[in-house]
Amino acid sequence: MPDDPAKPASIAPHSAQVQSLVSFLEHEAQPMIVLDPDYNILAANGAYRRQFGATGKPFIGQKCYRVSHHYELPCDQAGEHCPMKKARELRGPDRVLHIHHTPRGPEHVDVELRPIFDEHGAITAYVERLSTVRSASAQPSGDGLVGRSPAFNQALAALQRVAPSMLPVLLLGESGTGKELFARAVHATSARAGGPLVVVDCSGLSETLFESELFGHEKGAFTGAALRKPGLVETAQDGTIFLDEIGDVPLAMQVKLLRLIETGTYRRVGGVETLHANFRLVAATHKRLDEMVARGQFRQDLYYRINAFPIELPPLRERADDIALLANSFLARPSAMRTVSIDAAALAQLQRHAWPGNIRELRNVLERASLFADDGVIRVAHLPPAGQFGGVANSSKSQSAVLSDAMLNSAGTRSELAEYLGISERTLYRRLKEMNVTKQK
């Protein structure tokens, strides 16, 4: 590398204005670089050199898109959002989430670029601030969010925007798209990361049980209440509450939930004392709450309160580029009994499927296939027939049709049917309920 780590900053010969700017940026804890209007890296502070400077690979005087993306053209000409182009048009800052090449491999990086003007109002340089996103991985990972497709990056960029705030977040998307993982990432990226994250599964809870679980109850509040029990709201003090499948909250309970969110107060079941809550709210649903509001099944005031910052999570069929990354992540998990890989033909077959059960279904299919891979390699023969895990991507079958076919071919228990479909039993319960079908056992 041409720059000397002992120097206060790496800098190409340029104006005194740029040198003064770099001297200032050297004291910033976040990685920062200075660019000229032709995409050339003029300078970098120590934080950038330590985090992004690969040994033996010079970057001063190089084009930013070559260093960060290994492109031969600017980002916008390579089909990506270019913050410099946007900042030039806006004559102001622009921010984008990109995949950058780093000494550790590809990583998600939150980029903010600001123009620097001379005394005549002309842009003479740009300052770029880079923050590595720790809540997701662009490489195979044993846990957490994994992905690098445009649809995934869009949802992740929205998460990065809202996480530091206290706004309620509403995660929308089909079952199995990773809503709980996104909720955990919101919590981990927020100022409340040191507090608890409490998950409340709203599915299947009756009105009485929901109130007791959420608010707790006093001794003797009802038959069987032998002791005072703190509720999940109390457990989540100074942390985050994740209300999973909030569309299943009983209508009669929604008014109490609204009061809790708006006033931060509640009472235990059977109690008279007003208690004060302090939590960040994240909710999720696979249902169309706006349609439920129109049908009178969900309170409009509660909907507007929780819908402050909606994030749409893409289904797996819109993330075909991530299937290889996800598959390698699942197969590399420490819980696996042995190392298993997947060959190109099997991977191509996985990429052609619609995955109605989304990421959960993919994981189940891979876990099943790995049991047949005696030599440690998953092949096409180890995958279930297409009709047994969702059909190909251009199939016209609806989820209801797939479920109906599966029920005709399965005489087992509900748990066995869920495993056959590659979905959770909770998701199966919801789908059967929506179809007004009762699956015994």
Side-chain angles (χ1 to χ4, degrees), residues 1-12 14-36 39-62 64-65 67-69 81 83-84 86-87 92-117 124-139 141 144-145 153 156-167 184-195 280:
M1 252 175 139
D3 53 293
D4 181 355
K7 294 180 180 179
S10 299
I11 182 165
H14 208 264
S15 68
Q17 180 188 26
V18 171
Q19 292 187 17
S20 298
L21 177 61
V22 174
S23 178
F24 172 77
L25 296 179
E26 184 62 24
H27 300 286
E28 291 291 323
Q30 287 188 308
M32 292 189 175
I33 58 176
V34 179
L35 305 166
D36 70 15
Y39 306 96
N40 298 305
I41 300 177
L42 301 178
N45 69 355
Y48 179 90
R49 296 198 310 277
R50 289 188 295 271
Q51 193 165 334
F52 295 100
T55 303
K57 293 184 178 180
F59 55 86
I60 298 300
Q62 301 293 316
C64 60
Y65 49 81
V67 172
S68 297
H69 306 290
H81 178 109
M84 183 180 292
K86 196 67 176 178
D94 187 54
R95 182 177 168 187
V96 65
L97 186 139
H98 272 175
I99 302 290
H100 278 212
H101 289 276
T102 77
R104 298 162 299 282
E107 293 182 341
H108 297 282
V109 177
D110 194 336
V111 177
E112 183 181 48
L113 188 140
R114 293 177 176 271
I116 303 298
F117 301 94
T124 60
Y126 297 87
V127 173
E128 184 171 278
R129 175 190 57 79
L130 302 96
S131 302
T132 301
V133 176
R134 307 294 182 188
S135 56
S137 176
Q139 304 178 67
S141 175
L145 292 171
N153 287 346
L156 183 61
L159 184 154
Q160 289 296 117
R161 293 274 187 169
V162 73
S165 75
M166 277 296 291
L167 277 178
R184 292 185 180 280
V186 171
H187 173 69
T189 313
S190 73
R192 293 176 173 252
R280 173 41 167 327

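Below, all heavy atoms of this structure are taken into account, side chains as well, without hydrogens, waters or symmetry copies.
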> Once you round to the nearest 0.5 Å, how far does CG of Leu42 lie from CG of Asp36?
Replying inline: 4.5 Å
>> Would you say the ring centers of His101 and His69 fall short of 6.0 Å from each other?
In response: no
> Hey, are the side chains of Lys86 and Val96 touching, using non-hydrogen atoms and a 4.5 Å cut-off?
Replying inline: no
> Looking only at heavy atoms, what is the nearest atom pair of Glu26 and Gly46, with distance?
Replying inline: OE1-N, 3.1 Å
> Between Ile60 and Ala44, which heavy-atom pair has the shortest distance, and what is it?
Replying inline: CD1-N, 4.2 Å
> What is the minimum heavy-atom distance between Asn40 and Gly61, and which atoms define it?
Replying inline: OD1-O, 3.8 Å
> Rounded to the nearest 0.5 Å, what separation is found between the CD atom of Gln160 and the CG atom of Asp110?
Replying inline: 5.5 Å
>> For Phe52 and Phe59, I'd like to know if the aromatic rings sit close, meaning centre-to-centre distance below 6.0 Å.
In response: no
>> In the structure I gave you, are the side-chain heavy atoms of Arg280 and Ser190 within less than 4.5 Å of one another anywhere?
In response: yes
> Side chain of His98, backbone of His81: donor and acceptor closer than 3.5 Å?
Replying inline: yes
>> Within the structure provided, determine whether Leu159 and Val186 are in side-chain contact (heavy-atom separation under 4.5 Å).
In response: yes
> Nearest 0.5 Å, what's the CZ-CG distance between Arg129 and Asn45?
Replying inline: 12.0 Å
>> If you compare all heavy atoms of Gly195 against all heavy atoms of His187, which two are closest, and at what distance to 0.1 Å?
In response: O-NE2, 3.0 Å
>> Is a donor from one side chain sitting under 3.5 angstrom from an acceptor on the other, for Glu112 and Ser131?
In response: no
> Closest approach of Asp94 and Pro83, non-hydrogen atoms and distance?
Replying inline: OD2-CA, 3.4 Å
> To the nearest 0.5 Å, how far apart are OG1 in Thr132 and NE2 in His108?
Replying inline: 11.0 Å
>> Taking Gln51's backbone N and O only, do any of them form a donor-acceptor pair with Arg104's side chain (distance below 3.5 Å, no angle check)?
In response: yes
>> With a 4.5 Å cut-off on side-chain heavy atoms, are Leu35 and Ile41 touching?
In response: yes
>> For the CD atom of Glu128 and the SG atom of Cys64, what is their distance to the nearest 0.5 Å?
In response: 6.0 Å
>> Can you tell me how far apart CD (Glu107) and CD (Gln139) are? Round to the nearest 0.5 Å.
In response: 6.5 Å
>> To check you understand the geometry: which heavy-atom pair defines the closest contact between Tyr126 and Ala87, and what is its length?
In response: CE2-CB, 4.2 Å
